[in-house]
Amino acid sequence: MSSTGAAFAADPDQGTPTATEVPTWAGVVCGLLAALGGLASAELLAGLWDRWRSPVVTVGDRVVDLVPAPVKDWAIRTFGTSDKVVLITCTLVILAIAASVVGVAAVRGRRRGAVAAVAVFAALGALASLGRGSSGIVAVVPSVVAGVVAAGLLVLLSDRARAMVVEPGAAGVVDDRVVSMRALQAGSRRRFLGVAAGVGVASVAVGGVGRWLQQQAAVTVERLKVVLPRPVSPAPPVPAAVSVGVEGVAPFITPTPDFYRIDTALVIPQVDSSDWSLSVTGYVDRPLTLTYADLLARPMIERVATIACVSNEVGGDLIGTAMWLGCRLDDLLAEAGIQSRADQVVGVSVDGFTAGFPTALLDGRDAMVVVAMNGEPLTAKHGFPARLIVPGVYGYVSATKWLREIRLSRFDEFEGYWIPRGWAAEAPIKTQSRIDVPRSGARLDAGSPTAIAGVAWAMLRAVTKVEVQVDDGAWQEAELGDEYADTTWRQWKLAWTPEPGDHTIRVRATDSDGATQTDLIADVAPDGATGWHAVNVSA
Ligand SMILES: Nc1nc2c(c(=O)[nH]1)N[C@H]1C(S)=C(S)[C@@H](COP(=O)(O)O)O[C@H]1N2
Ligand SMILES: [Mo]
């Protein structure tokens, strides 16, 4: 504060110093509350209409889009799914610092500059809202309103803050009473704090209502009312023998609440299925548009399939298996009539995410437009009202959630979301195996029989053999759970009695072509990790 030249004058009544300049804390309060009020008004708008989104979220989205792949990779590795919380928190912290500086400037006679700075922030928010998943020019409204509200509050609050400055010797007469300078100042400070508290409480209330409205959005209520159609082609029952019966191994079917979630969405899109539609566009002879009811009325198939994320490290858990219900993608596209120049099927999400895979994958495999997962309409997290599932390829090139368009295109004309960010355009899931039991670092009882067990997958080629090696011993063939389909993972186990000491256990899988999983270590980028999973235990 001394660096800003604050001056103090002795109060003749009390002999204590009196600020002749608005104190810094008051400037910070002005700035923070103006920002809070502005953002709260935008949150309210975002809760009122689904075309409007929170500026904090749209700015965060742009950051997600702009950070280089290695940084994002690191963020996913370090923070897991809370990477989004971290990003939002950072955005808010930066905003709070900027707002404080602007607030201090506003109370120190640089009000025009401060209002101009608010306008710049509002413009940045508006620009960001025109990015990915934008609903057109109306999308800028929350940012513009936030800017106007913030600027208004800044003017209001900084006036009150300035009223706290009492000129030396300004003791005067109020209501026929002689009032000391100190008393005058205390009164103006009370009034400032009163207005500030009012603005703070109102902002939290308005913002809270906005957030609440956003959460209440149609989908939570709506998806419960959906009556799922019966499949014309049900999935074969899952025999108990797919499981090797070892506790701690990932269950054959992953319960939906435990299913991994990976996407670029900072807030999960809440799609209202009553005004949602799915269009088939691009290089087709007959573009189609289906409502949610149209989609549910199509012949449905039900399939169990494993999906995996390209960011899944060796031994990682970004993989899961579910029972999917949906219509065949090949049938739907045949109705639209794929033109011969098309070589890529692109899924487009309501939030602007895109993922593309070769038309050549429409080779009879069960690629589906999915509406339900594990017997229930898709949850918002996993793509309600509809998503794509294409067996055999990683999610980032195929599994578009919150699907709104299927566009037939060409690889030399269009790149899906992750491709310009350093990931391969084509990405079949690599053969992998994972040890679930024992966990790395486990302490086992030497001499007592236990099991080594886990899962393995070789999409569309089927796992036919899993081998385990303890320390430098021979590779031993594990017992396999029943094979369900070549699009699902397979459990395996091996009985083992540990000897005293430290041990390293490795696993590798072999597919039906006789190809054994490579031990070459590859990073997840650009097209999936390789290497043998190993765990270290002691007994
Ligand atoms: N709209 C949208 N769909 C998306 C993504 C995304 O970021 N946005 N991520 C994809 C990726 S990278 C994966 S691995 C799968 C994950 O699906 P899940 O979250 O249901 O497990 O969704 C895919 N679909
Ligand atoms: Mo992914």
Side-chain angles (χ1 to χ4, degrees), residues 57 60-61 64-65 67 69 72-73 75-77 80-81 83-84 87 131-133 219 250 253-271 276 278 305-313 316-326 345-357 367-374 376-407 416-419 421-430 432 457 459 489 524-529:
V57 172
D61 272 351
V64 171
D65 293 353
V67 296
K72 188 155 1 178
D73 226 39
I76 291 179
R77 255 202 314 273
T81 311
D83 56 342
K84 297 173 177 67
L87 175 60
R132 170 159 64 94
V219 55
I253 301 269
T254 314
T256 307
D258 301 339
F259 210 94
Y260 80 95
R261 171 196 166 202
I262 289 288
D263 52 60
T264 60
L266 287 174
V267 286
I268 299 168
Q270 306 284 320
V271 181
W276 171 89
L278 172 64
T306 299
I307 67 167
C309 183
V310 69
S311 296
N312 195 31
E313 309 265 354
D317 57 7
L318 300 180
I319 178 165
T321 301
M323 169 98 75
W324 309 100
L325 177 77
V345 182
V346 177
V348 182
S349 164
V350 299
D351 71 350
F353 172 87
T354 52
F357 55 89
M368 311 160 70
V369 180
V370 162
V371 295
M373 176 179 184
N374 293 337
E376 281 182 22
L378 286 170
T379 56
K381 252 189 188 177
H382 294 290
F384 182 84
R387 73 176 304 172
L388 289 174
I389 290 291
V390 183
V393 290
Y394 288 115
Y396 81 102
V397 288
S398 63
T400 309
K401 302 190 277 189
W402 315 293
L403 184 68
R404 75 153 187 234
E405 183 182 337
I406 301 170
R407 192 186 299 156
Y417 181 86
W418 284 110
I419 316 311
R421 294 171 171 86
W423 299 85
E426 292 193 34
I429 296 176
K430 295 177 180 177
Q432 270 293 345
W457 57 94
M459 296 306 178
W489 58 13
V524 293
D527 62 0

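Indexing begins at 1, ligand by ligand and atom by atom, following the structure's order.
With sequence neighbours left out, R407 forms a salt bridge (charged side-chain N to carboxylate O under 4.0 Å, His left out) with E405.
Note: W423 and W418 have perpendicular aromatic rings, judged against thresholds of 30 and 60 degrees for the angle between ring planes.
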Could you pull out every N or O of ligand 1 that sits under 3.5 Å from a protein N or O, with the distance for each pair?
unit_1, atom_1, unit_2, atom_2, d
ligand 1, 1 (N), S349, OG, 3.1
ligand 1, 1 (N), K401, O, 3.2
ligand 1, 3 (N), K401, N, 2.9
ligand 1, 7 (O), T264, N, 2.8
ligand 1, 9 (N), I262, O, 3.3
ligand 1, 17 (O), R387, NH2, 3.0
ligand 1, 19 (O), I262, N, 3.1
ligand 1, 19 (O), K401, NZ, 2.5
ligand 1, 20 (O), H382, ND1, 2.7
ligand 1, 20 (O), R387, NH1, 2.7
ligand 1, 20 (O), R387, NH2, 3.4
ligand 1, 21 (O), Y260, O, 2.7
ligand 1, 24 (N), A399, O, 3.0

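At a cut-off of 3.5 Å, with distance as the only test, a side-chain donor of W489 or T321 sits close to an acceptor on the other residue.
By the 6.0 Å and 45° rule, R421 stacks over the aromatic ring of Y417.
Under a 4.0 Å N-O distance rule, the pair D263/K381 does not qualify as a salt bridge.
V345 pairs with exactly one of V390, V397, I406 by the side chain to side chain contact (heavy atoms under 4.5 Å, CB included) rule, that one being I406.
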